[in-house]
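Heads up: the structure comes next, in structure tokens.
Side-chain atoms are counted along with the backbone in the values below, which use heavy atoms only and exclude waters and symmetry mates.
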Amino acid sequence: MDRTRQQQALLLLPICLAFAFSLTAVVSSHWCEGIRRVVKPLCQDQPGGQHCIHFKPDNSSNGRMDNDSQAVLYIWELGNDKFIQRGFHAGLWQSCEESLNGEDEKCRSFQSIVPAEEQGVLWLSIGGKVLDMVLILTSAILLGSRVSCHSPGFDWLRVDALVAIFMVLAGLLGMVAHMMYTTIFQITVNLGPEDWKPQTWDYGWSYCLAWGSFALCLAVSVTAMSRFTAARLEFTEKQRAQNGSQHSQHSFPEPEASESVWKTGAAPRPAGQAFRNVSGHLPPGAPGKVSIC
């Protein structure tokens, strides 16, 4: 494998890494993470529990609470003691929050939480991320064929140009999709259902992976375009050198008439012209013979 193909193989690594980052971000639900403030339930099923409100019912005369009458409940928790903080995380597809026991999670569709007028923008964001992954995967296939196959009759410089174009388009689509999701999430925090609104929130590791994929896409695009430009210039210079050598081989130097005259002692005789001997017209005593046209 020559040096150029080794460089192309090294360029294939960040493309695969960008695809892995983007795919992990899409399927995960940790784009945004935070804490919700939830009212504790009454300690009816779990007396003495820590994550419920303790109360003292007003019992009837026989020692049991009268279910048919209105019972008076004496709640001991006041202020912030009545609430519990539960962590949550949300992604493109669903939103999950911790249960009361902290062992499992309760998830629901994120589309059901987003306001109805913003659901179209959510689907545009999802579509942008899917198209982003398609372009990255296409670039990986093209560059893989560039490394594995080496046909001299095929213009591989066009493949390098396509990889650069596809990667920059993937990065731009990913950037737009991330910004749309951020806007949708902020709108949902303000206008979403009351039983979901978080108290505090921040971006999670899936969001960081998505932007990492964007950075890798732009880096690969710039690298591929610079290598394409350098290879194109080198190819043009080689063509000019080959054309110059072929032109020099087909051009012959013109013979010098003066040198042939001095060597042969006679002037060249062009076709269609005759020479006359004018020696008879020379004055007596003139040496040699002179021939003129």
Side-chain angles (χ1 to χ4, degrees), residues 1-33 89-96 110-111 120-151 154-186 201-232:
M1 184 181 294
D2 56 358
R3 183 180 178 182
T4 303
R5 297 177 69 182
Q6 288 179 356
Q7 291 177 354
Q8 298 292 342
L10 291 177
L11 191 62
L12 189 61
L13 179 61
I15 295 180
C16 296
L17 193 61
F19 180 77
F21 282 178
S22 184
L23 180 62
T24 305
V26 169
V27 300
S28 61
S29 60
H30 288 267
W31 284 63
C32 296
E33 300 175 349
H89 53 88
L92 293 174
W93 306 101
Q94 61 183 1
S95 175
C96 302
F110 185 70
Q111 184 182 2
V121 183
L122 176 62
W123 283 110
L124 285 178
S125 177
I126 296 175
K129 285 301 298 179
V130 173
L131 187 57
D132 169 29
M133 292 189 299
V134 171
L135 289 174
I136 296 175
L137 184 59
T138 305
S139 301
I141 294 174
L142 289 176
L143 195 59
S145 62
R146 173 75 168 89
V147 174
S148 60
C149 301
H150 188 69
S151 178
F154 190 77
D155 190 4
W156 292 105
L157 292 179
R158 295 183 180 180
V159 175
D160 296 338
L162 286 176
V163 169
I165 294 173
F166 285 167
M167 291 303 291
V168 72
L169 288 178
L172 293 177
L173 282 173
M175 179 187 66
V176 173
H178 305 161
M179 296 175 65
M180 285 193 296
Y181 180 82
T182 303
T183 304
I184 293 170
F185 189 84
Q186 292 176 351
W201 65 275
D202 201 352
Y203 299 108
W205 56 268
S206 299
Y207 192 78
C208 297
L209 285 181
W211 281 107
S213 176
F214 162 76
L216 287 173
C217 288
L218 292 189
V220 170
S221 176
V222 172
T223 305
M225 185 57 68
S226 62
R227 290 182 178 178
F228 165 76
T229 305
R232 191 67 179 178

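Ring geometry for W201 against Y203 counts as perpendicular: the plane angle is over 60°, on a 0 to 90° scale with 30° as the lower cut. Note: H178 and W31 have perpendicular aromatic rings, judged against thresholds of 30 and 60 degrees for the angle between ring planes.
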Go through the steps to decide whether H89 and S95 satisfy the test side-chain contact (heavy atoms from CB on, under 4.5 Å), and finish with yes or no. CA-CA 6 Å; H89 53 88; S95 175; over 6 Å; no

Verdict with reasoning, F19 to S139, per side-chain contact (heavy atoms from CB on, under 4.5 Å): CA-CA 10 Å; F19 180 77; S139 301; over 6 Å; no

Go through L143 and V159 one step at a time and tell me if the side-chain contact (heavy atoms from CB on, under 4.5 Å) criterion holds. CA-CA 7 Å; L143 195 59; V159 175; 5.8 Å; no

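A distance of 7.0 Å separates CD1 in I184 from CE in M180, rounded to the nearest 0.5 Å. Here the straight-line distance linking atom CG of D132 with atom CG of L23 works out to 11.0 Å at 0.5 Å rounding. To the nearest 0.5 Å, the span separating CD1 on I136 from CG on L169 amounts to 11.0 Å. Taken to the nearest 0.5 Å, the CG atom of L142 stands 10.0 Å off from the CG atom of D160. Note that CD of Q111 and CH2 of W123 are 5.0 Å apart. Values are rounded to the nearest 0.5 Å. Considering CG of L216 and SG of C16, their distance stands at 11.0 Å, rounded to 0.5 Å.
For the pair A219 and T223, the tightest heavy-atom approach, listed with the atom from each and the gap, is O-OG1, 2.9 Å. Of all heavy-atom pairs between F21 and G212, the closest is CD1-C, 4.1 Å. Residues G144 and L12 come closest through the heavy atom pair N-CD1, 4.2 Å.
In this structure, the side chains of M133 and V26 come closer than 4.5 Å at one or more pairs of heavy atoms. Contact check for F110 versus F185: side-chain heavy atoms found under the 4.5 Å cut-off. Looking only at side-chain heavy atoms (C-beta outward), R227 and L11 come within less than 4.5 Å of each other. Looking at heavy atoms from C-beta onward, Y181 lies out of side-chain contact with K129 at the 4.5 angstrom threshold.
Without hydrogens or angle criteria, S226 side chain to V222 main chain gives a donor-acceptor distance under 3.5 Å. A distance-only check finds no donor-acceptor pair linking the side chain of S125 to the backbone of V121 [under 3.5 Å]. Side chain of S221 to main chain of C217: no donor-acceptor pair is present (N/O by atom type, distance under 3.5 Å, no hydrogens or angles). A donor-acceptor contact shorter than 3.5 Å is absent between the side chain of S206 and the backbone of S29. Between the side chain of Y207 and the backbone N or O of A25 there is no donor-acceptor pair closer than 3.5 Å.
Tested against L173 for a side chain to side chain contact (heavy atoms under 4.5 Å, CB included), the candidates L135, V134, V168, V130 yield a single pass: L135.
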